Q: 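Mind looking over this structure? Questions follow.
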Amino acid sequence: GIELPCEFSFDRKYGYTCRVFDYSNDNPNGEISEITGDHLYRGDKNHRSRNDSDVYRLIFWKLDLQYLPGNITHHFSMLRTLQIKNCGLKALTRSAELNGLRRLYVGFNELETIPKTFFWSYCRLEILSFFNNQISTIHKNAFRDLIKLRRLSLNQNRLKTLESTLFEDCINLEVVDLDNNQLSEINGDLFANQPLLRKVFLQNNQLTAIESHFLSQVINLKLSTVLFRKNKCIDFVYPDDGDFE
């Protein structure tokens with residue numbers, strides 16, 4: 001295992017945050033041996049704790065983290081938010097069990113695929129962001145258990161197609177950001193099971209076809225914004241300021 005040196009901060013609203021300032025892992029099965037760096041207990045400057053179970057947010061930023069350490073929740077059992085930004089993350093591996101997460105941000109990394117089983121049992125996840133990776137493939141069952149997911153960002157990736165059943169089980173989905181990909185067509189049933197859907201972003205893709213019944217199931221419910229700017233099939237009909245809301 002590898003030592004995880006952390007800096008802790010406390011916020012009365014959000015609890016403890018742990019920011020990792022020196023860590024690297026190029027082993028898919030790598031694990032953390034121990035946490036170093038004391039944190040204040042309940043904001044009391046005179047009482048320091050070595051129990052990290054009250055940490056709610058963990059941040060990796062600008063580190064060499066090709067793979068997630070497999071025993072994060074062994075050390076941070078109450079973890080609710082995980083941020084891994086600009087770390088060179090290459091793959092999501094099942095060795096990291098993060099079933100209690102509510103928010104996962106993995107932006108500015110090097111992910112190429114979202115595998116079949118990584119998010120299985122992540123039924124509490126509400127916010128998921130893959131902003132600015134290299135994702136070209138998402139398994140059709142990758143989001144199978146994300147029944148509480150509300151916000152999803154796949155902005156700035158390399159997606160060309162999406163399975164029509166990809167979001168079938170994401171029944172609480174409200175906002176989907178698919179801007180800045182290479183999508184050429186949208187299946188009409190892509191959001192057929194999202195009664196709470198409010199916003200869809202599909203700007204700057206390569207859309208040439210959108211099936212006629214796309215969004216027809218939710219258009220009269222909560223849907224308020226759909227953006228298609230900078231797509232071949234839209235720019236021909238609508239001017240640049242022709243967003244419809």
Side-chain angles (χ1 to χ4, degrees), residues 9-20 52-61 68 72-73 75-85 87 89 92-94 96-109 111 113-133 135 138-157 159 162-163 165-179 181 190-202 215 217-218 221-227:
S9 60
F10 178 78
D11 182 283
R12 292 189 179 278
K13 182 177 181 180
Y14 298 106
Y16 281 103
T17 291
C18 171
R19 184 184 294 271
V20 182
D52 301 309
S53 63
D54 53 0
V55 171
Y56 278 73
R57 182 169 62 168
L58 179 62
I59 299 174
F60 295 88
W61 184 62
L68 289 172
I72 289 179
T73 51
H75 297 277
F76 302 108
S77 60
M78 295 297 291
L79 195 62
R80 296 294 179 264
T81 300
L82 176 60
Q83 298 181 32
I84 305 168
K85 184 176 180 180
C87 289
L89 191 68
L92 299 172
T93 58
R94 281 294 292 172
E97 295 292 340
L98 302 167
N99 300 358
L101 278 186
R102 269 58 165 182
R103 295 163 291 275
L104 177 60
Y105 306 93
V106 285
F108 294 90
N109 284 290
L111 295 173
T113 183
I114 301 178
K116 178 180 180 180
T117 61
F118 181 81
F119 289 107
W120 287 13
S121 75
Y122 279 52
C123 57
R124 296 181 177 88
L125 199 63
E126 298 177 6
I127 300 174
L128 178 58
S129 175
F130 292 102
F131 182 80
N132 202 332
N133 276 270
I135 298 170
I138 304 177
H139 191 276
K140 63 180 181 180
N141 293 322
F143 301 146
R144 184 185 76 172
D145 284 358
L146 301 185
I147 57 175
K148 290 192 175 181
L149 189 66
R150 295 184 296 106
R151 302 176 67 92
L152 172 66
S153 174
L154 288 158
N155 192 326
Q156 199 75 42
N157 279 280
L159 293 168
L162 296 171
E163 292 283 345
T165 58
L166 182 63
F167 304 124
E168 188 174 46
D169 296 307
C170 304
I171 56 175
N172 286 294
L173 205 56
E174 298 176 9
V175 179
V176 183
D177 187 353
L178 293 162
D179 283 355
N181 277 279
L190 186 62
F191 297 114
N193 200 34
Q194 280 68 49
L196 303 180
L197 193 64
R198 296 187 296 108
K199 297 181 180 181
V200 180
F201 301 98
L202 283 159
L215 297 177
Q217 300 91 336
V218 295
L221 297 179
K222 293 183 178 294
L223 188 65
S224 64
T225 304
V226 185
L227 300 181

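Keep in mind the model is a prediction, meaning the values are calculated, not measured.
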Q: Is the closest side-chain heavy-atom distance between Phe143 and Leu149 below 4.5 Å?
A: no
Q: When rounded to the nearest 0.5 angstrom, what distance separates CD1 in Ile59 from OG1 in Thr17?
A: 5.5 Å
Q: Between the main-chain N or O of Asn157 and the side-chain N or O of Asn133, is there a donor-acceptor pair closer than 3.5 Å?
A: no
Q: Rounded to the nearest 0.5 Å, how far apart are OG of Ser77 and CG of Asp54?
A: 8.5 Å
Q: Which heavy atom of Leu196 sits nearest to which heavy atom of Lys222, and what is that distance?
A: CD2-CE, 3.7 Å
Q: Would you check if Leu92 and Phe130 make a side-chain contact, meaning some heavy-atom pair closer than 4.5 Å?
A: yes
Q: Is the backbone of Arg19 close enough, under 3.5 Å, to the side chain of Trp61 for a donor and an acceptor to pair up by distance?
A: no
Q: Test side-chain contact (heavy atoms from CB on, under 4.5 Å) on Asp169 and Leu146 and set out the steps.
A: CA-CA 7 Å; Asp169 296 307; Leu146 301 185; over 6 Å; no
Q: Under the side-chain hydrogen bond (donor to acceptor under 3.5 Å, both in side chains) test, which residues partner Asp179, sequence neighbours left out?
A: Gln203
Q: Please identify each residue that fulfils salt bridge (Lys or Arg N to Asp or Glu O under 4.0 Å) with Glu168, with sequence neighbours left out.
A: none
Q: Looking at side-chain heavy atoms only, is the closest gap between Phe60 and Leu82 below 4.5 Å?
A: yes
Q: How far does CG of Leu68 sit from CG of Leu104, to the nearest 0.5 angstrom?
A: 8.0 Å
Q: Can you name the side chain to side chain contact (heavy atoms under 4.5 Å, CB included) partners of Thr81, sequence neighbours left out?
A: Arg57, Gln83, Arg103, Tyr105
Q: Listed by chain and number, what are the salt bridge (Lys or Arg N to Asp or Glu O under 4.0 Å) partners of Glu163, not counting sequence neighbours?
A: none
Q: Could you label the plane-to-plane angle of the Tyr122 and Phe119 rings as parallel, tilted or perpendicular, counting under 30° as parallel and over 60° as perpendicular?
A: perpendicular
Q: Tell me whether the count of non-hydrogen atoms from other residues, nucleotides or ligands lying under 6.0 Å of CZ in Arg198 goes above 12.
A: yes
Q: Within a radius of less than 6.0 Å around CZ of Arg102, do more than 12 heavy atoms belonging to other residues, nucleotides or ligands occur?
A: yes
Q: Minimum heavy-atom separation for Ala142 and Pro115, please, with both atom names.
A: CB-O, 3.4 Å
Q: For Arg80, is the CZ atom crowded, meaning more than 12 foreign heavy atoms sit under 6.0 Å from it?
A: yes
Q: Taking side-chain hydrogen bond (donor to acceptor under 3.5 Å, both in side chains) as the definition, give me every residue that meets it alongside Asp177, ordered by chain and number, with sequence neighbours left out.
A: Asn155
Q: Report the distance from atom CG of Leu197 to atom CD1 of Ile171, rounding to the nearest 0.5 Å.
A: 13.5 Å
Q: Can you give me the closest heavy-atom contact between Leu79 and Leu101, atom names plus distance?
A: O-CD2, 3.9 Å
Q: Could you please spell out the steps behind the side-chain contact (heavy atoms from CB on, under 4.5 Å) verdict for Arg150 and Ile127?
A: CA-CA 6 Å; Arg150 295 184 296 106; Ile127 300 174; 4.1 Å; yes
Q: List in chain and number order the residues that pass ring-ring contact (aromatic ring centres under 6.0 Å, His included) with Phe108, two or more places apart in sequence or in another chain; answer none if no residue qualifies.
A: Phe131
Q: Applying salt bridge (Lys or Arg N to Asp or Glu O under 4.0 Å), name anything that partners Arg144, two or more places apart in sequence or on another chain.
A: none
Q: Mind listing the closest non-hydrogen atom pair of Cys123 and Ile147 along with its distance?
A: O-CG1, 3.9 Å
Q: Could you state the interatomic distance from CZ (Phe201) to CG (Leu178), rounded to the nearest 0.5 Å?
A: 10.5 Å
Q: How about Leu152 and Phe167: do any of their side-chain heavy atoms sit closer than 4.5 Å?
A: yes
Q: Could you measure the distance from the CG atom of Leu162 to the CG atom of Leu154? Nearest 0.5 Å is fine.
A: 7.5 Å
Q: So, for Val176 and Phe191, which heavy atoms are closest and what is the spacing to 0.1 Å?
A: CG2-CE2, 3.8 Å
